[in-house]
Amino acid sequence: MPFVLVNGLSVHYRIAGPAEAPPLLLIHSLGTSLEMWAPQAEALAEDFRVISYDLRGHGLSEGTAGAYSLGMLAGDAVALLGALGIERAHVAGVSLGGMIAQTLGIEHGSRVRSLVLGDTASVIGPKSNWDSRAAAIRTDGMATLVDAILARWFTAEFIAAAPEVARGFGAMLLRMPPEAYISAAFAVRDGDTTSALGRIACPTLVLVGDQDVSTPPSAAEALSAAIPGANLTVLANAAHIPTVERPAEVTAAIRQFLAGL
Ligand SMILES: O=C(O)CC1=CCC(=O)O1
């Protein structure tokens with residue numbers, strides 16, 4: 001359970017795989033933790049030096065007061081790589097993690113070998129939704145939104161078939177400090193990479209669940225079309241967090257993409 005100081009914060013991370021293997025950085029989504037990448041981290045550690053970590057304010061990482069931004073969160077990722085002595089990495093992110101990954105490709109391209117952008121978009125709106133979500137959490141706490149958010153993360157079929165997993169992720173969300181969730185939600189609300197996507201110069205794979213309503217396949221198509229040379233894979237029977245709902249398919253898609261570079 002290692003921790004490292006990153007931009008003055010204690011950041012919780014996990015690292016696995018051969019020390020000489022190519023580094024692969026995994027970035028999680030809003031309100032989750034590095035656990036959402038656990039199946040891929042384990043499988044891909046056969047061939048990669050896999051680093052997963054808890055974003056600021058999430059999991060076991062310390063948070064800060066006030067709204068986060070994509071630039072700030074991308075800066076944390078770069079500082080984490082630096083602290084671990086890693087110059088360049090393949091980067092995969094889901095949702096907010098995918099927005100951070102896009103920002104890394106745009107602002108820190110020299111640190112990025114390739115990108116996997118899962119269930120994400122250049123804008124995840126509308127802004128008013130994030131403001132009302134923050135207001136509801138401030139008034140009633142995290143519990144008020146847990147069921148609605150779980151229904152976006154996973155298909156109804158998955159929740160019925162694996163209730164222990166859905167409830168586990170619900171418990172994770174419920175335990176998140178409300179102000180940290182809101183701080184990170186505002187990074188989503190205020191983030192917009194649209195006009196800069198053409199600056200992404202590395203090989204890129206866009207992944208999306210066919211039943212994702214938060215960042216639907218149409219958003220993934222637009223993202224893929226705006227990034228030079230990007231490819232799109234649509235995963236069947238998956239909502240917003242296919243790393244958990246369709247772990248083997250996500251691992252296979254990432255493995256195939258990275259093997260082809
Ligand atoms: O919480 C949601 O509705 C889905 C989501 C948006 C950004 C993110 O990371 O998750």
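Atoms within a ligand are numbered from 1 in the order they appear, just like the ligands themselves.
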Which of the ligand 1 atoms, numbered from 1, are nearer than 4.0 Å to a heavy atom of [X]:
X: Trp153; value: 1 (O)
X: Leu96; value: 8 (C), 9 (O)
X: Leu30; value: 8 (C), 9 (O), 10 (O)
X: Ser29; value: 9 (O)
X: Arg152; value: 3 (O)

Interatomic spacing from NE2 in His28 to CD in Glu35 - rounded to 0.5 Å: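 Separation between the atoms: 10.0 Å.
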
Point-to-point distance, once rounded to the nearest 0.5 Å, from CD1 of Ile124 to OG of Ser95: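 The distance works out to 4.0 Å.
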
Ligand 1 contacted by Met36 (non-hydrogen, < 4.0 Å):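 Under 4.0 Å: no for Met36.
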
Any N or O of Ile124 closer than 3.5 Å to N or O of ligand 1: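 By distance alone, the answer is no.
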
Contact check: Ser95 vs ligand 1, nitrogen or oxygen atoms, below 3.5 angstrom: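 Yes, since at least one N or O of Ser95 sits under 3.5 Å from an N or O of ligand 1.
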
Shortest protein contact, atom 3 (O) of ligand 1 (heavy atom only):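 Sorting protein heavy atoms by distance from atom 3 (O) of ligand 1 puts Arg133 NH2, 2.8 Å first.
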
Arg88/Ser110 under side chain to side chain donor-acceptor pair (under 3.5 Å): CA gap, chis, key distance, verdict: CA-CA 7 Å; Arg88 289 180 83 216; Ser110 65; over 6 Å; no

N-O pairing of Glu87 and Arg113 below 4.0 Å: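 No, no charged N to carboxylate O under 4.0 Å.
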
Salt-bridge present (Arg49, Glu20; N to O < 4.0 Å):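 Looking at Arg49 and Glu20, the cut-off is not met.
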
Heavy-atom pair with the smallest gap, counting every atom of Leu235 and Pro242: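 For Leu235 versus Pro242, the nearest heavy atoms are CD1-CB, 3.7 Å.
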
Cationic tip of Arg14 above Tyr53 ring, under 6.0 Å, 45° of axis: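 No.
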
Region of Arg189 that comes within reach of ligand 1 [heavy atoms, distance under 4.0 Å]: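 None of Arg189 does.
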
